[in-house]
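Down below is the structure, laid out as structure tokens.
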Amino acid sequence: MTWLLALAMLLAACLALVTPAVLRALPAPIDEPEVSPYLRLATPTTALVVFGAVAVAGSLVVIVTPATAPAWLGLVGPAVLAAVIDARTGYLPKRLAQAAWLLTAAGLLACVGWLGVEALVRAGLGALAAGALFWAFWRFGGGFGFGDVRLAPVIGAASAVVGWPLLAGALMLGGLLGVVWGVAWRASGRGRAFPYGPALVAGPFLALAGSVLVPGSH
């Protein structure tokens with residue numbers, strides 16, 4: 001356990017160190033081709049926020065579900081960084097979502113030897129279910145950006161590899177957090193549209209924390 005926590009801290013430190021460079025390298029969103037909104041975030045403060053978020057998320061994973069930790073790499077790393085960016089800019093960079101997909105797939109393959117093929121299949125089904133759900137929200141519900149759709153399969157795969165109850169909890173708690181955040185956002189006078197990515201990414205970690213309080217929930 002100690003060495004896993006050390007790895008989580010190392011991941012957080014490495015991601016924080018490269019965050020400014022990543023922010024400068026990300027292409028501007030298609031609707032803002034001239035000035036990238038990411039450039040103003042390439043600061044030590046953002047790197048420190050990323051370090052804290054990744055350190056907490058990674059530590060929670062290795063404490064609660066160490067056997068599935070590799071499958072959470074995409075969520076703990078690129079997805080958390082994307083959520084930090086979304087909170088400040090309203091954009092979820094496509095390249096970070098793609099990096100999260102690749103790390104999640106690699107992590108699942110790495111731990112299939114001890115989790116079994118059943119867990120891999122469950123993760124795949126979870127990814128499809130979460131992706132389809134958020135595609136439907138985006139297509140028919142309004143208020144969701146396609147960046148949320150891209151990240152949803154990562155949430156589905158990482159949560160479902162632990163168990164279906166955790167996936168259900170992740171979606172429910174992420175949704176509740178999104179509602180609270182949306183109400184606060186509108187009350188502050190910043191309009192109706194708000195970045196949902198942070199709530200979406202926080203959902204699985206809230207569900208993990210809840211599983212500690214409710215034994216047998218995953």
Side-chain angles (χ1 to χ4, degrees), residues 1-66 68-111 127 145-159 161 174 195-205 208:
M1 180 67 71
T2 302
W3 69 271
L4 284 175
L5 287 172
L7 283 177
M9 294 300 106
L10 179 60
L11 173 63
C14 290
L15 191 56
L17 285 173
V18 302
T19 288
V22 169
L23 288 164
R24 287 190 288 268
L26 287 171
I30 194 169
D31 56 345
E32 294 193 25
E34 296 183 4
V35 180
S36 172
Y38 309 133
L39 294 179
R40 62 184 174 87
L41 299 183
T43 65
T45 299
T46 302
L48 185 61
V49 170
V50 170
F51 173 78
V54 174
V56 170
S59 297
L60 184 62
V61 170
V62 300
I63 290 171
V64 179
T65 178
T68 69
W72 289 72
L73 278 174
L75 191 53
V76 169
V80 167
L81 175 56
V84 171
I85 293 171
D86 191 29
R88 295 289 304 279
T89 67
Y91 293 105
L92 285 166
K94 180 179 179 181
R95 289 188 180 178
L96 289 179
Q98 292 170 335
W101 298 344
L102 291 174
L103 281 176
T104 301
L108 284 167
L109 291 174
C111 60
F146 200 75
D148 301 317
V149 181
R150 292 193 191 100
L151 272 186
V154 177
I155 276 75
S159 302
V161 77
Y196 186 76
L200 176 64
V201 172
F205 300 109
L208 274 182

At their closest point, which heavy atom of [X] faces which heavy atom of [Y], and how far apart are they?
| X | Y | result |
| --- | --- | --- |
| Phe51 | Ala13 | CD1-N, 3.6 Å |
| Leu26 | Pro93 | CD1-CG, 3.8 Å |
| Pro78 | Leu96 | CB-O, 3.4 Å |
| Leu39 | Leu23 | CD2-O, 4.3 Å |
| Pro29 | Pro37 | CD-CD, 3.4 Å |
| Pro20 | Thr43 | CG-O, 4.4 Å |

How many angstroms lie between CG in Leu73 and OG1 in Thr68, if you round to the nearest 0.5 Å?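 Reported value, rounded in 0.5 Å steps: 10.5 Å.
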
Taking atom CG of Leu208 and atom CG of Leu60, what is their separation to the nearest 0.5 Å?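 Going from the CG atom of Leu208 to the CG atom of Leu60 covers 5.0 Å.
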
Within a strict 4.5 Å, meaning less than it, do heavy atoms of the [X] and [Y] side chains meet?
| X | Y | value |
| --- | --- | --- |
| Pro198 | Asp86 | yes |
| Leu92 | Asp148 | yes |
| Lys94 | Pro27 | no |
| Arg95 | Val22 | no |

Of Thr19, Val80, Val49, which meets side-chain contact (heavy atoms from CB on, under 4.5 Å) against Val54?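 The passing option is Val80.
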
Do side-chain atoms of Thr46 reach the backbone of Ala42 as a donor and acceptor pair under 3.5 angstrom?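 No, because the side chain of Thr46 does not come within donor-acceptor range (under 3.5 Å) of the backbone of Ala42.
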
Using only atom types and a distance under 3.5 Å, with no angle test, would you say the side chain of Trp72 pairs donor to acceptor with the backbone of Gly107?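 Absent.
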
Mind checking whether Tyr91 and Tyr38 have parallel, tilted or perpendicular rings, split at 30° and 60°?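 Perpendicular, since the angle between the ring planes exceeds 60°.
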
